[in-house]
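This report concerns only the one structure given below.
Order of appearance sets the numbers: ligands from 1, and atoms from 1 within every ligand.
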Amino acid sequence: MEALDYHAEERRKAEFDVEEMKIVWAGSRQAYEISDRVARLVASDPVFRKDNRTMLSRKDLFKDTLRKAAHAWKRIIELRLSEEEASKLRFFVDQPVFTDLHWGMFIPAIKGQGNEEQQQKWLPMAYKMQIIGCYAQTELGHGSNVQGLETTATFDPETDEFVIHSPTLTSSKWWPGGLGKVSTHALIYARLITDGQDHGVHGFIVQLRSLDDHLPLPGITVGDIGMKFGSGAYNSMDNGVLRFDHVRILRDQMLMGVSQVTREGKFMQSDVPRQLVYGTMVYVRQKIVADASCALSRAVCIATRYSVVRRQFGSHNGGPETQVIDYKTQQSRLFPLLASAYAFRFVGEWLKWLYTDVTQRLQASDFSTLPEVHACTAGLKSVTTSATADAIEECRKLCGGHGYLSSSGLPELFAVYVPACTYEGDNVVLLLQVARFLMKTVSQLGSGKKPVGTIAYMGRSEHLLQCRCEVERAEDWLKPNVILEAFEARAARMSVTCAKNLNNFANQEEGFAQLATDLAEAAVAHVQLIIVSKFIEKLQQDIPGKGVKRQLEILFNVYALSLLHKHLGDFVASGCITPKQGALANEQLRLLYSQVHFDNPSLLLYMVLLLERLLQSTSF
Ligand SMILES: CC/C=C\C/C=C\C/C=C\C/C=C\CCCCC(=O)SCCNC(=O)CCNC(=O)[C@H](O)C(C)(C)COP(=O)(O)OP(=O)(O)OC[C@H]1O[C@@H](n2cnc3c(N)ncnc32)[C@H](O)[C@@H]1OP(=O)(O)O
Ligand SMILES: Cc1cc2nc3c(=O)[nH]c(=O)nc-3n(C[C@H](O)[C@H](O)[C@H](O)COP(=O)(O)OP(=O)(O)OC[C@H]3O[C@@H](n4cnc5c(N)ncnc54)[C@H](O)[C@@H]3O)c2cc1C
């Protein structure tokens, strides 16, 4: 039977309503319809073809990318696409390009950190793409340490201007996407200096290139930083380098939503937390979590197609060989990745809500949830991108030699995806931010300040530090409350242990430095608990469609128990579960794999259905 006939056959045998499952994956019927419509639009347009990009030279790849970006913009205008449809179209074009940063960072930064006048001045030009912006924060010498940035913005009261300057080689802006060739403007993060006083890092809009001939303006040295990982991949993006030689800008080109400089040169820190200057990074981190579920589902889709079609060994009396998806090792490697795609999807939906909520609170000067939002966006960005990068590589290995062919789609997917572990915050650095939040919470236990939100479980740490999981049989691990308590106990015990050990050091900073690895592991435990708990909350919602909820319950158990199995050391060392209970969890996982495979081939193949349009233009 041909592969596609097999797929069609398997889908017909679906144990659940595939149409309703599509809606669950997309988040809503409207979101699915937009996604499906735009995916068809892209897949049917030859200009958006992707199957040749790994064979192009860097120059031809870049020209191809510009052509696609221009064509996408033309189609957006012609079809009068909504912002959501336009964003989907850029997503399905699926090639790193300068517009990612123009729409994804430059515009959001002006909206989040500019005052009303600045938004009215700059946003209309940016929306019409009369100006093209990039986000220029990272420097050759500093990326993670934002407070270490060296570019200066010195106020000149004589002329009511800022002088933007790159005082050292290491202060050169390095990496910003869209900077190397395309951007006319940049949002520059620089040290604000007035009257000799350094007020830390703030944002400034600086024009880089002429709107007439696109040449760099006086005092601006700008260019591309060259080839990056892989052949096609991120080489469609013009990541650049930028240096300033005493470039003068008007005072009103400093983003004044968070703090201001008066005409007299007086620095005014408004009553908002200075960390709002970091707001754009928080915004992108929450989007990156949703993006992780997309990238992961694509890799799983390819590996599933392969595993269902590929046969190897096991032929009896000249009959067909065994489908590799029947091998327990193939299942134990593939099915947790399928489950993770759904888990990241659902936690991404929740994170989008959390970000929207904090944005509304900030407008009412309510900063109470800002620390939690920072911890959640940083932690989830770190954990989901690390897991997804590893998963794409695992999917390559699941496909034997074919996974190493460009035409499989996996090498390109990997090469484009893996910088997500670095950009928008190195994943370890972000975990340490989560750890800082956890230690602060533990230190406040007993102060009367009740932990709330995703850290509320810490308020029950007395119980969690001594509870024993009520698991005597393998099927006991199918109870969401049993799984939730195990993950809460593991996270609470790892954080409390770190907090206790920190007290053995002369000061918090020394302790943090010495215990950084333990703290990062405690942060992972906390973030994985969030993902598990949001999956449970999703299952508590009304989920229509025959058998859909049942499938998701199976995937939830696969996700949670495969994590528990992978981190069994944490759970046993912290005393949450016994080795015997760990063995029962593994036994239950094996039973679940057979269910995911035999009862739900269409669940796996459903991923094929949903994403094959996206993959259609990939030659695999
Ligand atoms: C763009 C595409 C659009 C959508 C995306 C969709 C899909 C993705 C696909 C492609 C992506 C395309 C392109 C990639 C774009 C990449 C762009 C970049 O990489 S931009 C540069 C990113 N750089 C970073 O992320 C730098 C990381 N470093 C930091 O964030 C900070 O330096 C730090 C590590 C947080 C430390 O900051 P600082 O030293 O100032 O602070 P402290 O550690 O001393 O903490 C003090 C206090 O502040 C709190 N805090 C820190 N940060 C924040 C924050 N962001 N929000 C709120 N609060 C914050 C911290 O918790 C401390 O609080 P306290 O403990 O004192 O209560
Ligand atoms: C594809 C891509 C696109 C990018 N796009 C942009 C963009 O558009 N705009 C922009 O401004 N930037 C952009 N960046 C830059 C990116 O944000 C930085 O690379 C990132 O913040 C890490 O900074 P760094 O590279 O200077 O590494 P560093 O900050 O120097 O860190 C290097 C390594 O040191 C270790 N480390 C550092 N600090 C600590 C610590 N405190 N504890 C433990 N370990 C630590 C980590 O292993 C880290 O990976 C992009 C990067 C890439 C790869």
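In terms of polar-atom proximity, defined here as any N/O pair under 3.5 Å, Tyr423 makes no such contact with ligand 1. Checked against a 3.5 angstrom limit, the closest N/O atoms of Asp100 and ligand 1 fall outside it. Of the polar atoms of Thr138, none of the N or O atoms is found under 3.5 Å from an N or O of ligand 1, judged by distance alone. Checking only distances, Gly425 does come within under 3.5 Å of ligand 1, N or O to N or O.
Closest heavy-atom approach to atom 41 (O) of ligand 1 among the candidates Arg274, Met281, Lys381: Arg274. When the options Glu372, Gln275, Gln433, Lys287 are ranked by their closest heavy atom to atom 43 (O) of ligand 1, first place goes to Gln433. For atom 52 (C) of ligand 2, the nearest non-hydrogen atom from the set Trp174, Trp175, Phe106 comes from Trp175. Taking each of Gly143, Ala136, Cys134 in turn, the one with a heavy atom nearest to atom 21 (O) of ligand 2 proves to be Gly143.
For atom 30 (O) of ligand 2, the nearest protein heavy atom lies 4.0 Å away or farther. Atom 35 (C) of ligand 2 is never approached by the protein to below 4.0 angstrom, counting heavy atoms only.
Shortest contact from atom 44 (O) of ligand 1 to any protein heavy atom: Arg436 NH1, 3.5 Å. In this structure, the protein non-hydrogen atom closest to atom 39 (C) of ligand 2 is Val429 CG2, 3.6 Å. Of the protein's non-hydrogen atoms, the one nearest atom 9 (N) of ligand 2 is Tyr135 O, 2.8 Å. For atom 31 (C) of ligand 1, the nearest non-hydrogen atom of the protein is Ser144 O, 3.6 Å. Here the heavy atom of the protein found nearest to atom 44 (N) of ligand 2 is Val428 CG1, 4.3 Å. In terms of protein heavy atoms, atom 25 (O) of ligand 1 is closest to Arg285 NH2, 2.8 Å. For atom 46 (C) of ligand 2, the nearest protein heavy atom (residue, atom name, distance) is Asp426 OD2, 3.6 Å. Looking only at protein heavy atoms, the nearest one to atom 3 (C) of ligand 2 is Asn239 ND2, 3.6 Å.
Residue Glu394 holds its CD atom at 11.5 Å from CG of Leu296, rounded to the nearest 0.5 Å.
In summary, Lys534 and Glu349 do not engage in a salt bridge, as defined by a charged side-chain N under 4.0 Å from a carboxylate O. Using a 4.0 Å cut-off between charged side-chain N and carboxylate O, Arg396 and Glu393 make a salt bridge.
Residue contacts with ligand 2, taken as heavy atom pairs separated by less than 4.0 Å, involve Leu101 solely via side-chain atoms from C-beta onward. The part of Tyr234 lying near ligand 2 is the side chain, judged by heavy-atom distances below 4.0 Å. For Val146, heavy-atom contacts with ligand 1 shorter than 4.0 Å involve the backbone as well as the side chain. Residue-level proximity to ligand 2 for Thr422 is carried by backbone and side chain together, each with a heavy atom below 4.0 angstrom. Counting heavy atoms under 4.0 Å from ligand 1, residue Tyr135 touches it through the side chain alone. Here Leu432 has side-chain heavy atoms under 4.0 Å from ligand 2, and that is the only part of it that gets that close.
Of all atoms in ligand 2, numbered sequentially from 1 with element shown, those under 4.0 Å from a heavy atom of Thr138 are 10 (C), 11 (O), 12 (N), 13 (C), 15 (C), 16 (C), 17 (O). Ligand 2 places these atoms under 4.0 Å from at least one heavy atom of Ser144: 22 (C), 23 (O), 28 (P), 29 (O), 31 (O). Those atoms of ligand 2 with a heavy atom of Gln137 less than 4.0 angstrom away are 11 (O).
A heavy-atom separation below 4.0 Å is not found between Gly177 and ligand 1. Under the 4.0 angstrom criterion for non-hydrogen atoms, Tyr234 is in contact with ligand 1. Not a single heavy atom of Pro371 sits under 4.0 Å from any atom of ligand 1.
The ring-ring contact (aromatic ring centres under 6.0 Å, His included) test with Trp25 is passed by exactly one of Tyr342, Tyr32, Phe346, Phe344: Tyr342.
Glu372 places no side-chain N or O within 3.5 Å of a backbone atom of His374 that could act as its donor or acceptor partner. A donor-acceptor pair under 3.5 Å is absent between the side-chain atoms of Arg53 and the main chain of Leu61, judged by distance alone.
By the 30° and 60° cut-offs, the orientation of the rings of His185 relative to Phe106 is tilted.
Between Phe267 and His202, the ring center distance clears the sub-6.0 Å criterion.
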